Amino acid sequence: MLQVQFIRQNKELVLERLGVKNFKEPGLVEEILALDDQRKKLTLEYDDTQAKVNSASKEIGKLMASGDKAAAEARKQEVANFKQALGPINESLAATEKSLHDTLVKLPNLPGANVPAGKTPEDNVEVRGGGAKPVLAQGSVPHWDLAKKYDLIDFELGNKITGSGFPVYKNKGARLQRALISYFLDFNTAAGYIEMLPPYLVNEASAYGTGQLPDKEGQMYFVTEDNFYLIPTAEVPVTNIYRDEILKESELPVKMTAYTPCFRREAGSYGKDVRGLNRLHQFEKVELVQLVHPDKSYAILEEMVIHVEKLIQSLGLPYRILNLCGGDMGFTAAQTYDFEVYSAAQEKWLEVSSVSNFENYQTNRMKIRYKDENGKNQLVHSLNGSSLALPRILACLLENNQTPEGINIPEALQRYFGSDRISNG
RNA sequence: GGAGAGAUGCCUGAGUGGCCGAAAGGAACGGUUUGCUAAACCGUCGUACGGGUUAAACUGUACCGAGGGUUCGAAUCCCUCUCUCUCCGCCA
């Protein structure tokens, strides 16, 4: 969430930026400021009264010790009066703080300076791309047919075991998943990211910290018996590693990478977009997370984009990078680049990575800070990005590299996969 | 699943009603000394929200797992919850 102090000092900017994000309730800004004024007023009142209670209590102790019972009793009466006043003040203070917080949480992050205006995905700006779209041979088919032909993925079996959206990877299909995960992790650790293997279930505080709660609990699977959420992305457990921590400035940037399965209920999915690997309830992903000095987060955002770009290039897939417009960005992001790869048989662009700078929106919730040179605690900026989401990468690899002889494996993957082709030979 | 113990600052760990925001040691940071390293010595060393100030200084309140209660006054007493640890059982 945003910092009240920041909103107070930059009200016009906040309103203007919320406009870029097409935020529907700009009135919340005034509401927040009013609530904060109220909070300050009540705090002052409460603190002053409490101070009187405290000092009177101290005196009572001394009076008792010196045997002046009568004076002590008189003071006690005073304290009782103060405390009577304290009750209602405390109640309205608590109520004010709660509504302030509840309102603050409704405010999305502000789009950064480079975010294009716009409302829908059509307004996203293509930054650049690369890789040529392959020309497929006659008789080329989408990945779900290839998966069957080469016995790589069994969607029906997943239906039987769990339900739709939970495919079973088999044989070379399973092997290829493992190869991709290992390759991605190695690629990331070579760039200085520390490998993590976090829990796949998180508690409420963690889900709140990265912004999945309070509003998006519907996207997550929930274990009612223990109040745990299945992670929708490694971002949740990995970023929360540093929740409530104060880092030294010299420890920044913190760079982490993690492979995890991701679980998404995706209640709104339907139609042809959900065919095959395009949209699943459980999928594999390797994630990048960075915690950085506020002055450097945008430079690092660009670095991360280049990092992911190189990874996609190494797989030989045609891709494009989109700078998301204000209206299409996530609630918590300040700027997001989406990566899409071209799935040649479906003739469709598929999103395989989303790299975002959250500035201090997440870290303000999680209280991830560093001590600056003056010894003051400052919020760090958090960023994350996929590198990469596996199913759609797999879909593209299968479709784009299909030949009558089999499916060619990109060179970078061969040593992980153990061969250069999937075939029925 | 059964039994027990515990939760204090970055860590270890004292603290059973006022003198405790909290001893002591360690770590860390700054400095002195030093050919270098080590050691020694001196100093600093929680967080949040307010007031105050150009900024400081200064100052108020809260926080000793969380929430409630008793009391003039709670880290300390009582209740509830959560979590952790140990032993047994089960198990990868």
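Per chain, numbering begins at 1; letters A, B, ... match sequence-line order. Since the structure is predicted, the reported quantities are computational estimates derived from the model, not experimental observations.
- Only the P atoms considered, G68(B) is 11 Å distant from C63(B), to the nearest whole Å.
- Here the separation of C78(B) from A74(B), taken at their P atoms, is 15 Å to the nearest Å.
- Across every strand in view, A57(B) sits unpaired, with no contact that passes the Watson-Crick or G-U test at under 3.5 angstrom.
- Aromatic rings from His381(A) and Tyr298(A) are positioned such that their centres are separated by 6.0 Å or more.
- Rounded to a whole angstrom, the distance from the P atom of C42(B) to that of A55(B) is 37 Å.
- Note: Tyr416(A) and Tyr183(A) have tilted aromatic rings, judged against thresholds of 30 and 60 degrees for the angle between ring planes.
- Nucleotide G52(B) has no partner under the Watson-Crick or G-U criteria, as no pair reaches both atom distances under 3.5 Å.
- Not one N or O on the side chain of Asp226(A) forms a donor-acceptor pair closer than 3.5 Å with the backbone of Phe228(A).
- Geometrically, Lys172(A) engages Phe417(A) in a cation-pi contact, judged by NZ or CZ lying under 6.0 Å from the ring centre and within 45° of the ring axis.
- Using atom P as the reference point in both A27(B) and U84(B), the two lie 31 Å apart (nearest Å).
- Look at G43(B): its Watson-Crick or wobble partner, with both distances under 3.5 angstrom, is C29(B).
- With both pairing distances under 3.5 Å, U76(B) is matched to nothing as a Watson-Crick or G-U wobble pair.
- Taking the C1' atom of each, U59(B) and C64(B) are spaced 24 Å apart, rounded to whole Å.
- Applying the Watson-Crick and G-U wobble criteria (two distances, each under 3.5 Å), U12(B) pairs with A24(B).
- Rounded to whole Å, the distance from NZ on Lys62(A) to C1' on C19(B) is 9 Å.
- Searching all strands for a Watson-Crick or G-U wobble partner of A38(B) with both distances below 3.5 Å returns nothing.
- In this structure, Arg365(A) satisfies the cation-pi test against Tyr208(A), with its NZ or CZ atom closer than 6.0 Å to the six-membered ring centre and inside 45 degrees of the ring normal.
- For A23(B) and G30(B), the C1' atoms lie 24 Å apart once the distance is rounded to whole Å.
- For the residue pair Ser343(A) / Glu399(A), a side-chain donor-acceptor distance below 3.5 Å is found, with atom types taken as modelled.
- Applying the Watson-Crick and G-U wobble criteria (two distances, each under 3.5 Å), G1(B) pairs with C88(B).
- Taking the P atom of each, G13(B) and C29(B) are spaced 23 Å apart, rounded to whole Å.
- Between Tyr221(A) and His281(A), the ring-plane angle classifies as perpendicular under the 30° and 60° cut-offs.
- C81(B): Watson-Crick or G-U partner is G65(B), with both key distances under 3.5 Å.
- With both ends at atom C1', the span from G31(B) to U86(B) equals 46 Å, rounded to whole Å.
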Sugar-phosphate or base contact per nucleotide [nucleotides 45-75 of chain B; S, B, -; heavy atom under 4.0 Å]: --SSSS---------BSS---------BS--
